[in-house]
*Asks:* 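The structure follows.
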Protein chains: 4
Amino acid sequence: MIAPPPRPPVGSSSDAPKPLRADARRNRTRILDAAEAVFSEGGAAASTEEVANRAGVAIGTVFRHFPTKTDLLAAIMKELLRRLTDDVRTLDNDGDAATGLFTFFARMVAESAAKRTVVQLLADAGVGVDLGDSVRALQEAVGALLARAQRADVVRADVRLDEVMALLVSTCQGALHAGWDADLQRRTLAVVFAGLRPAPEGTASRR
Amino acid sequence: MIAPPPRPPVGSSSDAPKPLRADARRNRTRILDAAEAVFSEGGAAASTEEVANRAGVAIGTVFRHFPTKTDLLAAIMKELLRRLTDDVRTLDNDGDAATGLFTFFARMVAESAAKRTVVQLLADAGVGVDLGDSVRALQEAVGALLARAQRADVVRADVRLDEVMALLVSTCQGALHAGWDADLQRRTLAVVFAGLRPAPEGTASRR
Amino acid sequence: MIAPPPRPPVGSSSDAPKPLRADARRNRTRILDAAEAVFSEGGAAASTEEVANRAGVAIGTVFRHFPTKTDLLAAIMKELLRRLTDDVRTLDNDGDAATGLFTFFARMVAESAAKRTVVQLLADAGVGVDLGDSVRALQEAVGALLARAQRADVVRADVRLDEVMALLVSTCQGALHAGWDADLQRRTLAVVFAGLRPAPEGTASRR
Amino acid sequence: MIAPPPRPPVGSSSDAPKPLRADARRNRTRILDAAEAVFSEGGAAASTEEVANRAGVAIGTVFRHFPTKTDLLAAIMKELLRRLTDDVRTLDNDGDAATGLFTFFARMVAESAAKRTVVQLLADAGVGVDLGDSVRALQEAVGALLARAQRADVVRADVRLDEVMALLVSTCQGALHAGWDADLQRRTLAVVFAGLRPAPEGTASRR
DNA sequence: AATGAATGAGAATTCATTCAT
DNA sequence: AATGAATGAATTCTCATTCAT
């Protein structure tokens, strides 16, 4: 007579992290790792079967942990966003208001260049994956970094979080194209960073 | 008077634009138009059948003109790149060295925001599609624009074509994400443009 | 720019019987025949692949003709209902008002006993398959038969089409159970028929 | 006082109701209840996992009690048949020879209409489920009821148990189709009952 | 005995591509 | 050249059943 617990809606924020059996937790991790690798290489179009192979589990196991492919994609991306957010917060607490934002920006772009993950996934499968909270968390963390940078007067006061995020995402997305070597990365960021810095004394910034 | 079949352009693999029957040429055009629309809406994952439907031809006809789906994708993108290249050249011949590069940049980003085409395709199917010549042509055209802008002293002398293209692609890719309204577009570009402009007199640009 | 003709909704009554190519029509027939056989034997749970094998076509061909398994089931059942309806109409036009209804009833039960088709399918997959028109057609045809039988005074006047159909379906469904040999069939129908006949003179039918 | 394990009924294949631990017996009951509910709602295609959920046990527990899904289905149906048989016997011992058979018939059909159980299951999974003894028991009980009804002269003498069972199963099966409301049920049964009653005096029943 | 994770064989469906008409 | 039917591999997802904990 007891109704079965309804499957939690995809992407819901109540990620009830109920304690898993040891083997289950081990597999979950393996699957996430495999998925990150597989989707990084092949984009969201890569097959779930390939993920299972790479993780060394049967296909059914993947689907037991992530009932749909979308759930799996969402899980990877949330994990990634969590790591990034932590990273930003650390930079924010570390000190050096002058470089925090730029450091993070550069670091994220570098990582994108190495792994297609973030961006490729955002571009491909972005639709239909609900990441709400995770994205917001990252945004707020970056917001703090930006505020500090502005207080330290290394970023123009009229720059808003909006466009910083936009530039960040854009540059990361760009970074995964063939031909972006470390040098191009540096030079591209140099332009962006120059654009963020305050125009010196008498210079009217033409917007 | 019918021109003799022109020698295939260097580096292209069998573009042989051999003379087509009138109906065939008409179909080719329709297919390209339909494909651009379909792939813009649904990404490279959209089906070739859908393209055929939209073009009002049978599926076989699509494959007669473009032996593989990849060929079709390549053709669309070449066509697009050609249009862009023409656009740049026009701007270059028009005059106003001071604004050409910025105008083109802004125009392309705006178009990206409206149609997913360029970027979506680059992101999705980029792999395996050979666009060599077309991309080079666009790059050279932009290069000319950049050179003029630098001569007019509205872009820093040490900025290279490389990073301009990188910024262009990145920003376009960013532009198709939800939430990029016209205002965000303007503010994001403002940062990039500010980054491209020469640092006024005594300011040392820290790179 | 021309929108593709939308796939007609499942079970819609506009079965646009557009002229098919010869091979396509041949395959369609083969598939329907195979499907009738396969689903008769294994119930609606039988696999579409099995249908394809039996029909001697590839699985894709089955799905080209019937976009979902449900469509295929609906098609079989409509076909069957059509045959039955024709059968009833013939009996209705033939003459002998006294026996028409009983003959049809018996014939249908006999057929059910031989092939599980009708009933099995109705029972299994009935849900979700829209047969509206086809069923109504059969019902009306039987209604005519019933009316004649009542005018000929071989069926009680107070019997309604409703319960005749109910008895028909029930008996057919029963007929496919193991153990229904011809004799049991005859005896079971005898009871039903006796129940339909008018109670003689002074007998009050206790309902 | 606990009864000793009864000797397994003749003809059954290893029903060995060996004494179970208290919790095991409780689980067995819960599983059976859950299974009846689940399969009634979703037909035999419903998943065993769903049964486990509804019963509040793990899937492994279900399979420990019933090694295959078929075993579980068989168990439900046996249980159901047992209840029905008890019901018939009670009616048989109760008195009122004139109405016993009709009452039971009507009651069973009504129950079918409410719960798909009996019939749906018979139709869906009937194949491969061995119910031998249980069915026989029900049949004998109904046979007794029939004999009494015939002795009381409310059922024709030439009606055999065979066809009574056939009518019963058929009508139950029919009863679960959509549209069988209480009224249709009554009218349909009225025809069947009229068919079972003796033809009054001078009327020759045409069989 | 119970638990619940893992397995892996299907099942339905899609789609690029081929080929007979 | 065009048509559109046929092909069949690939993909996502389900579920009965097994097995380690």
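Bear in mind the structure is a predicted one, so any value in this text is a computation, not a measurement. In what follows, every chain begins at residue 1, and chains take the letters A, B, ... in the order their sequences are listed.
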*Asks:* Closest-nucleotide mapping onto DNA chain F: is C:V62 or D:G60 further toward the 5' terminus? I mean the 5' end.
*Replies:*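 Nearest nucleotide further toward 5': that of C:V62.
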*Asks:* Taking only side-chain N and O atoms of A:R64, does any of them lie within less than 4.0 angstrom of OP1 or OP2 on E:dA5?
*Replies:*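 Yes, such a contact exists.
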*Asks:* Checking all strands, does B:A46 fall into the base, sugar-phosphate, or nothing category for heavy-atom contacts under 4.0 angstrom?
*Replies:*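 Touches sugar-phosphate only.
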*Asks:* For C:T61, which contact category applies under a 4.0 Å heavy-atom criterion: base, sugar-phosphate, or nothing?
*Replies:*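 Base, at least one base heavy atom under 4.0 Å.
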*Asks:* For the CD atom of D:E79 and the OG1 atom of D:T29, what is their distance to the nearest 0.5 Å?
*Replies:*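 Output value for this atom pair is 8.5 Å.
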*Asks:* Taking 4.0 Å as the cut-off, does a side-chain nitrogen or oxygen of C:T48 come that near to OP1 or OP2 on E:dA12?
*Replies:*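 Answer is yes, contact under 4.0 Å.
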*Asks:* Test your reading of the model: is there a side-chain donor-acceptor pair from B:K78 to the backbone of B:L73, 3.5 Å cut-off?
*Replies:*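 Judged by distance alone, no pair lies under 3.5 Å.
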*Asks:* Tell me the interatomic distance from C:D23, atom CG, to E:dT18, atom P, rounded to whole angstroms.
*Replies:*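 Interatomic distance, CG of C:D23 to P of E:dT18: 19 Å.
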*Asks:* Please name the nucleotide paired to F:dT3 by Watson-Crick or G-U wobble geometry with both distances under 3.5 Å, or report none.
*Replies:*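 Pairing partner, where one exists within any strand: E:dA20.
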*Asks:* Nearest whole Å is fine: how far is E:dA5 P from A:N27 CG?
*Replies:*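 Rounded to whole Å, this separation is 11 Å.
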*Asks:* Find the distance A:E49:CD to F:dA9:C1' and express it as a whole number of Å.
*Replies:*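 So the CD-C1' distance, A:E49 to F:dA9, works out to 13 Å.
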*Asks:* Answer whether the closest heavy-atom distance between the side chains of D:L72 and D:F39 falls below 4.5 Å.
*Replies:*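 They are in contact (side-chain heavy atoms under 4.5 Å apart), so the answer is yes.
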*Asks:* Send over the distance from A:K69 NZ to E:dT14 P, rounded to a whole Å.
*Replies:*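 Result: 16 Å.
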*Asks:* Any Lys/Arg nitrogen of B:E41 or B:R54 sitting under 4.0 Å from an Asp/Glu carboxylate oxygen of the other?
*Replies:*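 Salt bridge between B:E41 and B:R54, a charged N being under 4.0 Å from a carboxylate O: yes.
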*Asks:* Between atom CD1 in D:I59 and atom P in F:dA16, what is the gap in whole Å?
*Replies:*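 Those two atoms, CD1 and P, are 7 Å apart.
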*Asks:* Taking OP1 and OP2 of F:dA2, is either one under 4.0 Å from a side-chain nitrogen or oxygen of B:H65?
*Replies:*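 Affirmative; the distance criterion is met.
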*Asks:* What is the distance from atom CZ of D:R30 to atom CG of D:D23, rounded to the nearest 0.5 Å?
*Replies:*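 Spacing of CZ (D:R30) from CG (D:D23) equals 10.5 Å.
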*Asks:* Both A:R26 and B:A58 contact DNA chain F. Which one's nearest nucleotide lies toward the 5' end?
*Replies:*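 Upstream on the strand: B:A58.
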*Asks:* Round to a whole Å and report the spacing from CZ of B:R30 to P of F:dA2.
*Replies:*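 The answer, rounded to whole Å, is 11 Å.
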*Asks:* How close or far is atom C1' of F:dT3 from atom CZ of B:F63, stated in whole angstroms?
*Replies:*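 Atom CZ in B:F63 sits about 14 Å away from atom C1' in F:dT3.
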*Asks:* Please report, rounded to the nearest Å, how far the P atom of E:dT18 is from the CG atom of B:D71.
*Replies:*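 It is 11 Å, rounded to the nearest whole Å.
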